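Working notes, beginning with the structure itself.
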Amino acid sequence: MMRACAFRWFCMAAGLLLLGIPLSGQAGKEMEKASPQGASGVRTHLGYPQDWSSQHLLMPGTRAEDVLAAGARDPRHVYNMVMRQVALENARKAEEDARIGIWGPRPPRRFLRRTAMKIDWAVSLENGYVPQNQFPAKYRFDIDTEDCNSDYVVFGLTVPSGTQANLVGVNNLYTGATPACNGGSPWVAFAYNTATQTGGQIETSPVLSEDGTKVAFVESTGTASYFHVLVLPSPIPTPGAIPSQVGTVLSPQTPAICTTPTAAGCMTMLLIETGATNSNSSPWVDYSSDTAYVGADNGLLYKITPVFGGGAPALVNDPDNWPVTVSSPIESSTVLTAPVVDDHSGLIFLGDGSGFLYSVSLTNPGNSFAARQTVGAEAGGAGTGIVDPPIAVNDPANPTIDQVFAFTGCSNTKAFGGAVIQIPANFTSLTTPAFVNLGSADGNGTCTGNNVHSGTFDNAFWLNGSATGHMIACGFMSGTKTRPLIPAPPEMYMFPFTSGLIASTATSTFEVDTTKGDECSPLTEFDNGTDMMFFGVGDATVGYVKSSTITTSLTTPTTCTAGAPTSSCVTAPSALGGTSGIVIDNEVPDGGTNIYFSTLAVGSVNGGKCPSGLTGGSLNPYCAVKLTQSGLE
């Protein structure tokens with residue numbers, strides 16, 4: 001009951017904002033409320049977490065009151081809507097200020113000259129990095145105000161060797177604000193070595209609690225996986241405070257193992273599976289029930305509760321339902337994606353390395369999937385798998401039946417290589433999905449050997465759903481029989497919708513670059529007065545971070561070289577995918593919108609480095625990077 005009551009206060013404040021009333025005064029005070037976890041009655045603050053899951057459960061084109069009602073089931077709906085609403089409101093205010101001659105600390109967006117990408121900072125992660133198609137997580141204390149101390153980004157790292165930190169939190173993010181945080185320097189606020197097992201790694205994305213005090217993640221070894229909940233320092237350390245840091249990247253803090261996640265610096269440890277690692281399935285947290293769902297490489301899906309509520313996390317002991325065998329051992333690859341929980345349809349969606357899309361009943365799965373759909377080529381091979389989580393959408397064009405989108409680099413449809421599919425949430429194995437071609441090696445269905453990662457939607461889709469919106473995905477430039485391109489260069493595609501279904505022909509495309517074998521990272525879109533898309537791209541020989549302005553078509557990013565960034569391109573260390581997944585924070589008046597990611601090879605962007613300056617630190621480590629979006633137009 002305390003959980004529901006607490007979230008109603010959040011919805012009240014969010015509703016005021018969506019209706020045009022700022023989150024200040026009494027509304028702002030109401031955000032200080034009883035803990036959503038109901039652990040102790042201690043009053044806490046619910047902020048705005050952004051992580052990998054923020055882009056995989058969408059409710060576009062919906063009235064504010066409907067979004068708030070849906071937010072009682074899943075606050076991601078409210079987070080997404082409020083962030084976009086505030087961004088557009090700030091853009092409107094900037095235009096109004098410009099009209100009357102008041103620009104404040106920075107000119108409005110349409111008056112900014114298109115300049116080279118602004119590289120705000122790069123922080124050393126030493127020998128660790130966020131893996132390809134995984135994401136850092138961002139916590140924002142207040143939606144319309146930057147907080148140098150309480151806002152932070154957390155990076156869960158794969159560390160090939162050494163005993164350094166593998167969970168790193170950075171605050172004092174807004175080095176371009178007026179005044180700048182910490183004199184213009186970001187701060188490693190906390191750094192933990194969370195490995196409890198020999199060879200333990202964080203190979204997937206972390207998830208934050210609603211109040212930003214805890215982080216959940218999976219530790220994977222070569223043969224097992226463990227679920228952890230770590231209680232972060234409170235308050236988050238900052239320069240001049242005592243303590244000013246909890247660990248450093250090279251000298252990390254080791255969490256105390258605890259049964260319940262209640263004390264700062266303690267971490268729970270739950271064995272998920274002794275016979276399988278987890279290389280790709282990030283946990284999904286259902287905040288309303290304080291339950292996590294996570295897969296393992298043996299094809300099983302597990303249910304864990306509680307998570308952030310203060311009790312001891314435990315696997316649900318229900319032999320008639322959990323765990324669920326999703327991908328059968330007879331398949332070529334049983335590696336699962338992260339699950340996407342869609343409360344509206346009562347289903348969980350996920351894919352596997354063999355190219356199958358699955359639905360699982362949220363309430364009574366009976367140890368098996370509800371339906372399976374073939375997406376990747378049945379013969380298997382490189383690129384066949386669904387490697388990124390599906391996207392579940394409640395489209396206003398068809399509000400009773402949610403739509404699911406999945407991506408593969410090697411489609412089961414003849415003459416297609418890469419593909420995106422759209423299928424109703426209540427699909428069966430007999431349902432015919434809408435398949436859209438994302439290019440092939442020879443133009444006739446030959447697969448390139450590369451993966452296709454998660455696409456995104458434009459702002460028109462957020463406003464009106466499929467009625468006016470578009471799906472954008474990065475696939476391959478199709479070759480011909482006389483000019484084989486195996487592997488092929490990456491190509492960006494923009495598809496409209498017709499009667500609620502994705503159209504078979506793209507209305508806008510561009511060749512991302514000319515390097516055969518490059519892969520794009522998952523795509524990230526945000527509109528703050530200008531609709532923009534951001535992504536990494538690269539292979540073992542090149543790497544870039546690029547952006548494209550979205551209107552009724554896509555602008556083609558310019559080319560760039562190290563030391564010579566452009567308004568839409570900056571180099572990154574050479575690696576497949578270019579960068580980790582990209583998270584974005586909100587547009588605010590003082591400091592701009594920012595994107596955060598990790599490099600996938602040593603070095604920073606634009607040919608730079610980020611040496612830690614610490615004794616024993618690398619002169620050319622992996623880097624956590626922040627770029628300012630205003631420089632990416």
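As the structure is a computational prediction, the values presented were derived from the model and not from experiment. Starting from 1, each residue takes its place in the sequence as its number.
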Using only atom types and a distance under 3.5 Å, with no angle test, would you say the side chain of Thr428 pairs donor to acceptor with the backbone of Leu430? yes

Do Ser345 and Asp342 meet the criterion of a side-chain donor-acceptor pair at a distance under 3.5 Å? yes

Are side-chain N/O atoms of Gln373 and Ser429 paired as donor and acceptor at under 3.5 Å? no

Could you state the interatomic distance from CZ (Phe407) to CG (Asp388), rounded to the nearest 0.5 Å? 8.0 Å

Using a 3.5 Å distance criterion without hydrogens, assess whether the side chain of Gln422 forms a donor-acceptor pair with backbone atoms of Gly500. yes

Can you check whether Ala425's main-chain N or O pairs, donor with acceptor, with Gln403's side chain at less than 3.5 Å? no

Looking just at side-chain N and O atoms, do Ser354 and Ser332 make a donor-acceptor pair shorter than 3.5 Å? yes

Carefully, step by step, assess Asp395 and Ser466 under the rule side chain to side chain donor-acceptor pair (under 3.5 Å). CA-CA 7 Å; Asp395 184 6; Ser466 63; 2.6 Å; yes

Under 3.5 Å, side chain of Thr408 to main-chain N/O of Ala419, donor-acceptor pair present? no

Distance-only donor-acceptor check, side chains Gln164 and Glu126, under 3.5 Å: no

How about Asn166 and Thr194: does a side-chain donor come under 3.5 Å of a side-chain acceptor? yes

Nearest-0.5 Å distance that lies between atom OG1 in Thr325 and atom CG in Leu300: 5.0 Å

Between Tyr358 and Phe356, what is the ring plane arrangement, given parallel below 30°, perpendicular above 60°, and tilted in between? tilted

We want to know whether Asn298 and Thr334 form a side-chain donor-acceptor pair, criterion being a heavy-atom distance below 3.5 angstrom. no

If only atom types and distance count, is the side chain of Thr158 paired as donor or acceptor with the main-chain N or O of Ile202 below 3.5 Å? yes

Donor-acceptor under 3.5 Å (Asn451 side chain, Gly409 main chain): no

Arg76 to Trp52, cation-pi by 6.0 Å centre distance and 45° axis angle: no

Any donor-acceptor pair under 3.5 Å from His77 side chain to Gly71 backbone: no

Please assess Leu357 against Phe427 for the test side-chain contact (heavy atoms from CB on, under 4.5 Å), listing each intermediate value before the final yes or no. CA-CA 10 Å; Leu357 173 68; Phe427 69 85; 4.1 Å; yes

Side chains of Tyr544 and Asp513 in contact at under 4.5 Å (non-hydrogen atoms): yes

So do Phe495 and Ser504 actually touch side chain to side chain, heavy atoms under 4.5 Å? no

Check whether Ser53 reaches the backbone of Trp284 with its side chain - one donor and one acceptor, N or O, closer than 3.5 Å. no

With no hydrogens and no angle check, do the side chains of Gln132 and Glu519 hold a donor and an acceptor under 3.5 Å apart? yes

With rounding to the nearest 0.5 angstrom, report the CG to CE distance, Leu554 to Met533. 5.0 Å

Can you check whether Phe227 and Tyr302 have ring centres sitting under 6.0 Å from each other? no

Walk me through whether Val625 and Ser598 qualify under side-chain contact (heavy atoms from CB on, under 4.5 Å). CA-CA 6 Å; Val625 182; Ser598 140; over 6 Å; no

Under 3.5 Å, is there a donor-acceptor pair between the side chain of Ser288 and the main chain of Arg73? yes

Look at the aromatic rings of Phe405 and Phe457 and report parallel, tilted or perpendicular, splitting at 30° and 60°. perpendicular

Under the salt bridge (charged side-chain N to carboxylate O under 4.0 Å, His left out) criterion, do Arg372 and Glu331 qualify, and how do the steps go? CA-CA 13 Å; Arg372 184 177 77 168; Glu331 305 302 341; 2.9 Å; yes

Flag, side chain of Lys138 to backbone of Gln50, donor-acceptor distance under 3.5 Å: no

Can you find a side-chain donor-acceptor pair between Ser205 and Gln134 that sits under 3.5 Å? yes

One pair to check against side-chain contact (heavy atoms from CB on, under 4.5 Å): Thr524 and Gln55. What are the steps and the verdict? CA-CA 8 Å; Thr524 296; Gln55 304 180 59; 3.6 Å; yes

Aromatic centroids of Trp462 and Phe526 separated by under 6.0 Å: no

Step by step, work out the side chain to side chain donor-acceptor pair (under 3.5 Å) result for Ser279 and Asp297. CA-CA 7 Å; Ser279 64; Asp297 286 6; 2.8 Å; yes

Test side chain to side chain donor-acceptor pair (under 3.5 Å) on Asn278 and Ser225; report intermediate values, then the result. CA-CA 6 Å; Asn278 177 358; Ser225 55; 5.6 Å; no

Is there a side-chain contact (heavy atoms from CB on, under 4.5 Å) between Ser359 and Phe369 once you walk through the steps? CA-CA 6 Å; Ser359 67; Phe369 57 82; over 6 Å; no

